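Just so it is clear, the structure is predicted and the values come from calculations on it, not from any experiment. Whatever order the structure lists them in is the order used to number ligands and atoms, beginning at 1.
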Amino acid sequence: MNNFDVFPKKSLLFAPMEGITDEPYRIALMKTFPEWDHLFTDFLRVPTVGKVTERMIVEHYGERILKNPEWRKKNSFQILTTERAQTKDVVDILESLKMDHLDLNLGCPSKKVNSHFGGAYLLSNHKALSHVLKTIRSNFTGHFSVKMRIGYRDDSNFSDTLKLIQDEGVEAITLHARTRDQLYKGVADWSYIKKAVEEVKVPLIGNGDIWIAEDIENVFKETKCHSVMFGRSALKTPWLAKIYKDYVEDDGNIDDTYLLYERKKYLELYFDALMVEYRQIGWADNLILKRFKSFSRNLFDDYEDFETIRGSFLRAETLEQFLGHLYALKG
Ligand SMILES: Cc1cc2nc3c(=O)[nH]c(=O)nc-3n(C[C@H](O)[C@H](O)[C@H](O)COP(=O)(O)O)c2cc1C
C-alpha cells in the first residue's frame with residue numbers, strides 16, 4: 001500500500017538543479033509562479049569525513065522555508081551519497097527536523113561524482129545501492145523517493161533496478177529517461193517512463209525533454225505517469241506551469257502569440273523577484289549579476305534575434321545594465 005501524498009497526481013515539479021534551486025531561487029519562484037506544485041533543493045553531497053551538522057542541513061534547505069509551514073509543504077530535500085558516506089548522520093538530522101520528504105539522487109552523471117561512487121554510479125552497483133537505500137529507509141520515517149536514470153552505460157539492468165528500489169521501500173520514483181552515458185544528448189525516450197509505470201506500483205514521475213504545454217499533455221497520455229518534472233525547460237520558461245494550467249483551463253487551446261505577448265512581463269517578474277531574494281541574503285550586485293548571466297543562457301530562445309539579445313545580457317557590466325536590457329526588451 002503506497003501512501004505517497006507529498007504532491008497530488010498530475011503535479012508539475014520544478015527539478016532539483018545544482019547552482020540554481022537554492023533557497024532564494026525557490027522562494028522567488030513560489031512567490032512569482034505559484035503554479036509550480038513542488039520544488040526541490042539541489043543535491044546535498046553527504047560527506048564521507050568530517051562532522052555532519054544541523055546547520056549544514058538547515059542552510060541547504062533554507063531556514064526561512066523551514067520555518068514557513070506553507071513553503072515546507074512545497075519543498076523537498078535531495079541528497080547525493082555513497083556507500084561509505086555518512087548517510088545515517090544526515091538522515092538522523094532530517095528526521096529530527098521532521099522533514100516530510102527526502103529524495104535520493106541516482107542520476108548525476110558528473111565524472112567526479114561517479115568516480116567517487118555517487119549519483120548515477122549507484123545504478124551500476126546494486127550491492128552499494130541496496131546498502132544506501134536500506135540506510136535511509138531504516139532511519140527515515142518521512143516519505144522517501146529516488147531520482148534515477150534508465151541505467152549507467154545502457155538500459156540492461158533497468159527492470160532489476162526498478163524492482164530493487166521498490167523492494168527497499170522507496171515510495172516514489174522520478175525517471176530521467178536517459179542513461180548516464182547519454183548525459184543530455186539526443187532526446188529523452190519517454191517509452192521508458194511508460195515501461196516503469198507498468199513495472200512498479202509506486203508513483204512514477206516523468207522527466208526529460210518536456211518543453212511545452214503539449215509535451216506535458218502527451219507525456220501524461222503516453223505514459224500514465226503520476227506527475228512530471230522540469231529541468232532545463234523550467235529554466236527556459238520559468239512560467240511553464242502557469243502556461244500549462246491556463247492551457248488545461250482553456251480546453252487545450254493555447255495560442256503561440258499569447259506566450260510571446262506575456263513573456264516580457266514574466267521575465268521582468270522573474271528577475272525582479274530574484275533580485276529581492278538575493279538582496280535579502282546580502283548578495284552584492286556583482287554576485288547577482290553573475291547569477292543572472294548564468295540564467296540568461298537558458299532564456300530568450302523564443303525571440304527571433306535571440307543570439308543578439310542573449311549576447312547583450314551576457315556582456316552587461318553592471319546589474320543596472322542587465323536590468324536596462326531587460327526593461328528594453330520587446331514584448
Ligand atoms: C544546471 C543543472 C543542474 C542540475 N542539478 C541536479 C541536481 O542537483 N539533482 C538532480 O537530481 N538533477 C539535477 N539536474 C538534472 C535535472 O533535474 C533533470 O533531471 C534533467 O535536466 C532532465 O530534465 P530536463 O530535460 O527537463 O532538463 C540538473 C540539471 C541541470 C541542467
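Every heavy atom of Gly107 sits 4.0 Å or more from the atoms of ligand 1. Heavy-atom separations between Ile210 and ligand 1 are all 4.0 Å or longer. Using a 4.0 Å cutoff on heavy atoms, Gly208 counts as a contact of ligand 1. Ligand 1 lies out of reach of Trp211, whose nearest heavy atom is not under 4.0 Å from it.
Residue Gly231 places at least one N or O, backbone or side chain, under 3.5 Å from an N or O of ligand 1. Considering backbone and side-chain atoms together, Asp42 places no N or O closer than 3.5 Å to any N or O of ligand 1.
Only side-chain heavy atoms of Tyr184 come within less than 4.0 Å of ligand 1; its backbone N, CA, C and O stay farther off. Contact annotation: for Arg232 versus ligand 1, heavy atoms closer than 4.0 Å belong to both the backbone and the side chain. With a 4.0 Å heavy-atom cut-off, ligand 1 is reached by the backbone of Phe230 but not by any atom from C-beta on.
Geometrically, Lys330 does not engage Tyr303 in a cation-pi contact defined by less than 6.0 Å to the ring centre and at most 45° from the axis. For the pair Arg291 and Phe271, the NZ or CZ position fails the cation-pi test of under 6.0 Å to the six-membered ring centre and within 45 degrees of the ring normal.
Checking Gly19, Ala120, Pro16 against atom 13 (C) of ligand 1, the nearest heavy atom belongs to Pro16.
No close placement of the Tyr61 and Phe40 rings is indicated, their centers lying 6.0 Å or farther apart.
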